[in-house]
2 protein chains.
Amino acid sequence: MAKSKLSARQENMLDFITNFISQHSYPPTIREIGKACQITSTSVVNYNLNKLENEGYINRMMRVSRGIQLDKNKASRLVQIPLVGRIFASEPVHFPEAAVSYAPDETINLTQDLVGDEKEIFALEVRGDSMIDAMINDGDYVIMKQQVQVNNGDLAAIWLINSEETTLKYFYLENDMVRLQPANPTMDAIYLDPSTIRIQGKVILVFRQISSQKTTPIKSN
Amino acid sequence: MAKSKLSARQENMLDFITNFISQHSYPPTIREIGKACQITSTSVVNYNLNKLENEGYINRMMRVSRGIQLDKNKASRLVQIPLVGRIFASEPVHFPEAAVSYAPDETINLTQDLVGDEKEIFALEVRGDSMIDAMINDGDYVIMKQQVQVNNGDLAAIWLINSEETTLKYFYLENDMVRLQPANPTMDAIYLDPSTIRIQGKVILVFRQISSQKTTPIKSN
DNA sequence: ATAATATCAGAACAAGTGTTCCGTGTCAAT
DNA sequence: ATTGACACGGAACACTTGTTCTGATATTAT
């Protein structure tokens, strides 16, 4: 019932089923799933389909050919995002070393429809009020993808070399100058030479937990 | 390939298939179709499925269970709407007598997704500029359903008893008074006592043929 | 190490399912 | 009346497909 991490095989199967339905508009058979996922035995496919059903990803109709329904509410898979640290204005974003397996103390669980198919995404907790011009408050969580290049219009994490601070702003490259546009429309953009910044990543999602326990503090400015 | 009128049985089947897919998200089997449509023989279902495929309403995958695809471009059926006359501002809408079979000289062919599932709908050609406040011009076609009652917000054909004219306006019943709102937002609504009007029908669709042969005339007012 | 559990493969079975063949009845045209 | 096209029903066939059984292998906990 509860969502848990799927095995690689189950993930593979769910991928295939989703694609198959969107291509054919009817679900695949057990044997079609097996063939696509390199599973020689129908019983193994059946076994993992039951797992997927117990986890709530699909519904199965007993004794009905192609009797698989994608549970639309749950079909978007759980994505476990490692919470790798905190983001301060006063220092560059610290991503963990790539290709190094590590055990994150904490993970943020979101659904795939929210964060998309991006791989290697990280969650960071925002510390301080310095991101206020990105409409991001102290305590917010930022889901980012580490990359040294972003597209125009992306909300990017940028290390300002001269002032030695990290900022989150919308990135636009215009005539060899970089325009950094705050998310807050009342604030002005800043223009910088590309050599004075270092792109650290792209923001995929920002969320804020409004807990009922603590009243939301009123910012003094 | 070309669209033609479906038999009652084929229409019934196509209805069932459409509903079945939307309910189950996988297509029905031949026998499920037969049972739902009171067809005892699978061969007859197969026979009519091939007809539906030849007419372009569905695609079939040979030897595939539940291998039916609704051709989304063609699945919306052709609806033949009898053109029963013209609509003048100076006289009530003249619908043909109900329960009397008649042979319309002309029919308007539209697809079901445009006009919905309503039965007993008629096409009327608009004559004169008097419907201009409903954004309907001379020569436009109006698809209507005859009914003596409409819901608030419906675009209704209304016979004004006192002034002896037909008008097309959005209908709102407010505090025992009827507000007739022109489609043209620059024009004011009129308020009438319900006893002074007679609802004749609900407008389902309005369309205008812009033929390349004649240039669209510029209205003088 | 040992047991318990999870995952897997192969095979066989029973039910589901599309296909095909044959015959009947209807209807319009000749 | 005869023909032909069309629609239909019944039945049988062959293939598809979900299910189940047995046993092997891998993983984890004690």
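This is a predicted model, so every value here is computed, not measured. By convention in this document, chain letters (A, B, ...) are assigned in the order of the sequence lines, proteins followed by strands, and residues within each chain are numbered from 1.
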- request: Look at the side-chain N and O atoms of B:T42 and state whether any lies under 4.0 Å from the OP1 or OP2 oxygen of C:dG18.
  value: no
Respond yes when some side-chain nitrogen or oxygen of A:R9 is under 4.0 Å from OP1 or OP2 of C:dC8, and no when none is.
yes
Of B:N50, B:T42, B:N48, the one forming a side chain to side chain contact (heavy atoms under 4.5 Å, CB included) with B:N46 is B:N50
Provide the closest heavy-atom pair for [X] versus [Y] in the form atom of the first, atom of the second, distance.
| X | Y | answer |
| --- | --- | --- |
| A:V45 | A:M13 | O-CE, 3.7 Å |
| A:G201 | A:V150 | O-CG1, 4.0 Å |
| B:W159 | B:E164 | CH2-C, 3.2 Å |
| A:L173 | A:P194 | CD1-CG, 4.4 Å |

Could you check whether any side-chain heavy atom of B:Q200 comes within less than 4.5 Å of a side-chain heavy atom of B:M144, counting everything from C-beta outward? no
Does a side-chain heavy-atom distance below 4.5 Å link B:F171 with B:V178? yes
Does A:E165 reach the main-chain N or O of A:L160 with its side chain, forming a donor-acceptor pair under 3.5 Å?
no
- [ ] Give a yes or no answer on whether the side chain of B:Q10 reaches the backbone of B:L52 with a donor-acceptor pair at less than 3.5 Å.
- [x] no
Rounded to whole Å, please give me the gap between [atom1] in [X] and [atom2] in [N].
| X | N | atom1 | atom2 | result |
| --- | --- | --- | --- | --- |
| B:I68 | C:dT17 | CD1 | P | 12 Å |
| A:R63 | C:dC13 | CZ | P | 16 Å |
| A:R60 | C:dG16 | CZ | P | 15 Å |

First and last nt of DNA chain D near chain A, cut-off under 4.0 Å to heavy atoms, 5' to 3', are D:dT17 to D:dC21
*asked:* Counting only heavy atoms from other residues, nucleotides and ligands, does the tally under 6.0 Å from CZ of B:F16 exceed 12?
replied: yes
Within residues 26-40 of chain B, those residues having any heavy atom closer than 4.0 Å to DNA chain C are B:T29, B:I30, B:R31
What residues 43-50 of chain B contributes to the DNA chain D interface at heavy-atom separation below 4.0 Å is B:S43, B:V44, B:Y47, B:N48
To the nearest 0.5 Å, atom CE of A:M61 lies from atom OH of B:Y26 at 3.5 Å
Sorted by position of nearest nucleotide on DNA chain D, 5' first, the leading residue of B:K51 and B:S65 is B:K51
